[in-house]
Amino acid sequence: MDIELAQGDITTWRVDAIVNAANHTLLGGGGVDGAIHRAGGRAIVEECRLLRADRYPEGLPTGEAVATTAGDLPARWVIHTVGPTWAKTTDKSELLRSCYRTSLAVADEIGAATVAFPLVSAGVYRWPKEDAIVQALTTLGSTPTAVRTATLVLYDEPTYRLAEQVAARLA
Ligand code: AR6
């Protein structure tokens, strides 16, 4: 799989699937989740409501992923995953890596060949950006998948520059 870095608003990405840094409720929130729900329209929240009623009455567990329509977005699907919140005293990085692995597994199930990821957990959930980038790139680079291209979309310029530095160090 090719792994690319890009900067911008993931809701504008024309790929098979974009990943959403969601929360357990699947019903929207702030950050990239809010942006996806605003730009994607009612169809996403309607499908999320059905998923909550049928498959996830208690909510989507941290580290897992599930796909819905992308509604009005240029992508075909949204893959919702729930990252862990950052905690100084507990190492939750396995859950963060699980978000990338399970999102790729869902992409394989639905036949998505191109997938764009945000930097899961690195906003409202306060994961330090540099480590979030390391977890993202190392997990994407080591997960067997039929996905052809994974793009890590960094929202702002400083985070994009940081991701370039981390990628160069890991290469
Ligand atoms: N495109 C790309 N990246 C974005 C965009 C965008 N449009 N908007 C924000 N980011 P966050 P989390 C970046 O907070 O930390 C929500 O309320 C942002 O700069 O979206 O996993 C959910 O409902 C950061 O680097 O997700 C949950 O409750 C990264 O995306 C909670 O926040 C992730 O930031 C999830 O928190």
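The shown structure was predicted, so the numbers you read here are calculated from the model rather than taken from an experiment. One-based numbering, in listed order, for ligands and for the atoms of each.
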Hey, is atom 18 (C) of ligand 1 under 4.0 Å from any protein heavy atom? no
Minimum heavy-atom separation for [X] to [Y], with atom names?
| X | Y | answer |
| --- | --- | --- |
| Pro84 | Lys92 | CG-O, 3.7 Å |
| Pro118 | Leu152 | O-CD1, 3.7 Å |
| Ala107 | Val115 | CB-CG2, 3.8 Å |

Flag [X] as yes when one of its N or O atoms lies below 3.5 Å from any N or O atom of ligand 1, and as no otherwise.
| X | answer |
| --- | --- |
| Asn23 | yes |
| Pro118 | no |
| Gly123 | yes |
| Asp33 | yes |
| Tyr125 | yes |
| Val120 | no |
| Ile10 | yes |
| Asp9 | yes |

Could you tell me, atom by atom, which parts of ligand 1 come under 4.0 Å of a heavy atom of [X]?
| X | result |
| --- | --- |
| Gly31 | 8 (N), 20 (O) |
| Gly8 | 1 (N), 2 (C) |
| Gly29 | 17 (O), 23 (O) |

Taking the side chain as C-beta and beyond, is there a heavy-atom pair between [X] and [Y] under 4.5 Å?
| X | Y | answer |
| --- | --- | --- |
| Glu164 | Arg161 | yes |
| Thr69 | Glu46 | no |
| Phe117 | Leu140 | yes |
| Asn23 | Tyr125 | yes |
| Leu104 | Met1 | yes |

What is the nearest protein non-hydrogen atom to [atom], stated with its residue, atom name and distance?
| atom | answer |
| --- | --- |
| atom 14 (O) of ligand 1 | Val124 N, 2.8 Å |
| atom 13 (C) of ligand 1 | Tyr155 CB, 4.0 Å |
| atom 21 (O) of ligand 1 | Ser121 N, 2.8 Å |
| atom 29 (C) of ligand 1 | Leu119 O, 3.2 Å |

Is there a donor in the side chain of Thr159 and an acceptor in the side chain of Asp156, or the other way round, less than 3.5 Å apart? yes
Proximity winner for atom 8 (N) of ligand 1, if only heavy atoms of Leu27, Thr85, Val32, Leu152 are counted: Val32
May I ask which of Ala21, Ala39, Ala22 has a heavy atom nearer to atom 26 (O) of ligand 1 than the others do? Ala21
Is Glu64 salt-bridged to Arg55, going by a charged N under 4.0 Å from an acidic O? no
Assign the ring pair Trp127 / Trp86 to parallel, tilted or perpendicular, where the plane angle (0 to 90°) is split at 30° and 60°. perpendicular
